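Chain naming here is simple, since letters A, B, ... match the order of the sequence lines and numbering starts at 1 in each. Quick caveat, the model's predicted, so the values are computed rather than measured. Heavy-atom basis, side chains included; hydrogens, waters and symmetry copies ignored.
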Amino acid sequence: MYALVDAVAFYASAETVFDPTIRKRPVVVLTNNDGCICATSPEARKLKIPKFEPYFKLKPYLEQHNVIVRSSNYELYADLSSRMMNVIGRFCDNQYIYSIDESFLQFTGFASIIDDWHAYGQQIRLAVWRETKLPVGVGFGITPTLSKAANHAAKKLDGYNGVAVINDGYSANEVLAKMSVTDVWGIGGRLGKKLNILGIHTALDLKKQSPKTMRKQFSVVVERTVEELNGKICLSWDEVKQPKQEIFSTRSFGERITDVNELKSSLITHCSIVGKKLRHQGSMTKRLMIFAHSSPHEDNFYKRNFLYDFPVPTSDSRIMANAVSEVLPHIFNEGVRFYKAGLGAVDLCSEQFMQSDLFNTTSDNRKLMDSLDNINKIFGKGTLRLASEQQSQSWEMRRNFLSPRYTTRWQDIPKIQC
DNA sequence: TCTGGGGTCCTAGGACCC
DNA sequence: TCTGGGGTCCTAGGACCC
């Protein structure tokens, strides 16, 4: 049995944890640079506020309806996320944190002998609410995809009250019949349209398709989805948890950049982020994709990509930073107003099976990077960093509606007046 | 003033090789 | 009429998720 536990409108809910005055009001949270709307509270959803539309286009509508607007407060969300995950983890010894607000649980052996899953789900919800004031939905299913579907039902369909259980074909059909095909994990708007043409409208319709035909007409992803809806596990636990095949860090700038050193320091900051993620999952990269571009909404769109191959795979941020310095002249161009830049590790291998080079003398110093990670873990992000990382604040992202970092900054700790 | 997120995986098609 | 193989690697773009 699998479970998927995730928060209801996580970012929006997180904003309400320390500010109860906005709990019953429509709240939206914006992406980096206050660009788009990325989360909407249930009250905001009732106003039919679409997600991922540019903020400036919806601003008049939001003001008209007195909607609370917040910038992304990642410091707060990350901290609340780890508290929430800790609580959820107590309910199963096999937890996989899938994203900032979602975690899969796998129940095997004795753990799978729970006679009332509904009650167990309610216990999880109650514990998370008590300890974090975050509302979560719990979906149980015999495959990961079915647990996702159950989670959808738990939160979005009437009559489930936050918990849904799919433990056989019958309960699967009951839930899937009420779901649109695009509510299924892995089926988005584009595929949805094509499936509609074939007369497939509900998730149940999709379940009844032949997996082989779906593979031919669409892809291996759709085939697997159909199998999973039928109770056949394709995304095995190991597969769900598989290490990433590529790791990117990219950011658009709060203000356009025209200076070569600013571009360089931003790219090197991305090296640190990618390096840390690589080390965290025990991978190394043989190749780095480094890019920068102007605004795609402008005329004369300027974009440069550069692939850099390492002689020996690495996860050392400093070696990646050297690659950036080397490549920079090929990417930078005088007069271009850079809008976004970033890089990605695109050819990963496990550090366990790393092939070394007999003639390589500049081998990376893994211990140094581990110490850096540990120090930053204890004393906070950025305590120890590369000298060439981001110094100037001029292109820091715009966050005009930022709430206090209640749990991660001494100055912002909530004060109780007696 | 002028505004437009970030991350991951898959696939079709092109280039190139023998 | 007019036709032509098979494999690998690379890349851009598509699609999905939150």
Side-chain angles (χ1 to χ4, degrees), chain A residues 4 6-14 28-40 50-60 69 71-72 74 77 81 97-104 137 144-145 148 151-152 155 181-195 215-225 235 239-256 270 273-274 277-278 281 283 286-287 289 291 293-298 301 303-307 309 337 339-348 397-401:
Chain A
L4 180 70
D6 77 347
V8 178
F10 179 59
Y11 289 0
S13 298
V28 300
V29 179
L30 309 179
T31 57
N32 282 340
N33 293 321
D34 297 335
C36 293
I37 292 171
C38 70
T40 52
K51 280 210 234 170
F52 303 107
E53 282 287 314
Y55 166 60
F56 74 92
K57 285 187 179 171
L58 283 160
K59 198 174 166 195
V69 177
S71 303
S72 283
Y74 289 112
Y77 308 153
S81 167
I97 296 172
Y98 183 70
S99 74
I100 192 161
D101 81 318
E102 291 173 281
S103 90
F104 278 105
T145 304
K148 266 271 194 186
N151 179 279
H152 174 89
K155 295 195 306 186
V181 71
T182 51
D183 293 332
V184 175
W185 192 27
I187 308 293
R190 303 292 179 98
L191 274 170
K193 274 195 187 122
K194 290 179 192 167
L195 290 165
R215 185 193 191 123
K216 263 187 217 147
Q217 296 216 24
F218 300 102
S219 69
V220 61
V221 182
V222 181
E223 180 193 26
R224 266 190 245 150
T225 301
L235 302 162
E239 223 161 317
V240 174
K241 288 169 50 168
Q242 260 191 9
K244 292 181 174 42
Q245 296 168 32
E246 51 186 46
I247 292 175
F248 273 79
S249 174
T250 71
R251 206 68 69 210
S252 43
F253 305 116
E255 279 168 36
R256 306 290 156 87
H270 292 303
I273 296 169
V274 167
K277 288 186 185 175
L278 281 172
Q281 76 161 21
S283 295
K286 288 177 225 164
R287 170 173 271 191
M289 209 273 270
F291 77 90
H293 60 77
S294 64
S295 167
H297 306 289
E298 265 169 30
F301 179 49
K303 177 169 186 174
R304 290 290 179 276
N305 278 0
F306 202 96
L307 284 170
D309 286 299
R337 298 171 68 234
Y339 166 83
K340 185 174 183 173
L343 50 86
V346 290
D347 191 357
L348 307 192
M397 59 178 146
R398 274 192 308 277
R399 293 202 282 182
N400 292 335
F401 315 103

Assess whether side-chain contact (heavy atoms from CB on, under 4.5 Å) is satisfied between A/M397 and A/N32, documenting all intermediate values.
CA-CA 6 Å; A/M397 59 178 146; A/N32 282 340; 2.9 Å; yes
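- The aromatic ring centres of A/F291 and A/F248 sit 6.0 Å or more apart.
- Taking the charged nitrogens against the carboxylate oxygens, A/E255 and A/R398 have no contact shorter than 4.0 Å, which rules out a salt bridge.
- When distances are taken from the side chain of A/E102 to each of C/dC16, B/dT3, C/dC18, the shortest belongs to C/dC18.
- Here the C1' atom of nucleotide B/dG7 and the NZ atom of A/K277 are 7 Å apart, to the nearest Å.
- Atoms CD (A/Q281) and C1' (B/dG7) sit 13 Å apart, rounded to a whole Å.
- Protein atom CG of A/L343 is 10 Å distant from nucleotide atom P of B/dG7, rounded to whole Å.
- Among the heavy atoms of the strands, none lies under 4.0 Å from A/V29.
- Checked against C/dA15, B/dG4, B/dC10, the side chain of A/V221 finds its nearest nucleotide in B/dC10.
- A/S72 and A/T31 get closest at one heavy-atom pair: OG-CA, 3.9 Å.
- Rounded to an integer number of Å, the gap from A/D101 CG to C/dC18 P is 8 Å.
- Applying the 4.0 Å criterion to OP1 and OP2 of B/dC10, one finds that A/Q245 has a side-chain N or O inside that range.
- In the set C/dT11, B/dG6, B/dT8, the nucleotide with an atom closest to the side chain of A/R251 is B/dG6.
- Among the atoms of the strands shown, none is found under 4.0 Å from any heavy atom of A/S295.
- Here A/F52 counts as stacked on C/dC18: its ring centre is under 5.5 angstrom from the base ring centre and the planes meet at under 30°.
- Looking at heavy-atom distances under 4.0 Å, A/G342 makes no contact with the nucleic acid at all.
- In this structure, A/Y74 places its OH atom 8 Å from C1' of B/dG6, rounding to the nearest Å.
- A/I100 comes within 4.0 angstrom of nothing in the nucleic acid, heavy atoms only.
- Listed candidates were C/dA15, C/dA12, B/dT3. Nearest to the side chain of A/N305 is C/dA12.
- When rounded to the nearest whole Å, the span between CE of A/M289 and C1' of C/dG13 equals 12 Å.
- The shortest distance between the side-chain N/O atoms of A/S252 and the OP1/OP2 oxygens of B/dG6 is below 4.0 Å.
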Audit row: A/C38, A/F52, side-chain contact (heavy atoms from CB on, under 4.5 Å) steps and yes/no
CA-CA 5 Å; A/C38 70; A/F52 303 107; 3.8 Å; yes
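- In this structure, A/K194 reaches the sugar-phosphate backbone alone: every heavy-atom distance under 4.0 Å involves primed, P, OP1 or OP2 atoms, never a base.
- C/dC2 and B/dC16 have their C1' atoms separated by 26 Å, given to the nearest Å.
- Using the Watson-Crick or G-U wobble rule with both distances under 3.5 Å, C/dC18 pairs with B/dG5.
- One finds a salt bridge joining A/K148 and A/E102 here, because a Lys/Arg side-chain nitrogen approaches an Asp/Glu carboxylate oxygen to under 4.0 Å.
- Using a 4.0 Å heavy-atom distance criterion, A/I187 is classed as a sugar-phosphate-only contact.
- A/R337 has no side-chain polar atom (N or O) that falls below the 4.0 Å cut-off from OP1 or OP2 of B/dT3.
- Between the CG atom of A/D347 and the P atom of B/dC10 there is a distance of 14 Å, given to the nearest Å.
- Between A/T250 and B/dG7, a side-chain N or O to OP1/OP2 separation shorter than 4.0 Å is present.
- Taking each heavy atom of A/K340 and A/T250 in turn, the nearest pair found is CE-OG1, 3.7 Å.
- Looking at the side chain of A/F56, the nearest of the listed nucleotides B/dG5, B/dG7, B/dT3 is B/dT3.
- Residue A/K148 is in sugar-phosphate contact alone, with no base atom involved, counting any heavy-atom pair closer than 4.0 Å across all strands shown.
- Between A/G35 and A/V220, the residue whose closest nucleotide on DNA chain B is further toward the 5' end is A/G35.
- Rounded to a whole Å, the CZ atom of A/R256 is 11 Å from the P atom of B/dC2.
- Within the structure, every side-chain polar atom (N or O) of A/Y77 is placed at least 4.0 Å from both OP1 and OP2 of C/dC18.
- Residues A/K194 and A/F218 come closest through the heavy atom pair CB-CE2, 3.8 Å.
- Between B/dG6 and A/K340, a contact under 4.0 Å exists linking OP1 or OP2 to a side-chain N or O.
- Atom name C1', nucleotides B/dC18 and C/dG4: the rounded distance is 16 Å, in whole Å.
- Within 4.0 Å of A/S219, counting heavy atoms only, lie sugar-phosphate atoms of the nucleic acid but no base atom.
- Base pairing analysis places B/dG13 opposite C/dC10; the two distances defining the Watson-Crick or G-U wobble pair are each below 3.5 Å.
- The side chain of A/K303 places no N or O atom within less than 4.0 Å of a non-bridging phosphate oxygen (OP1 or OP2) of C/dA12.
- Taking only side-chain atoms of A/R287, from C-beta outward, the nucleotide of B/dG4, C/dC10, B/dT8 with the closest atom is C/dC10.
- Across all strands shown, A/Y339 has heavy atoms under 4.0 Å from sugar-phosphate atoms exclusively, and none from any base.
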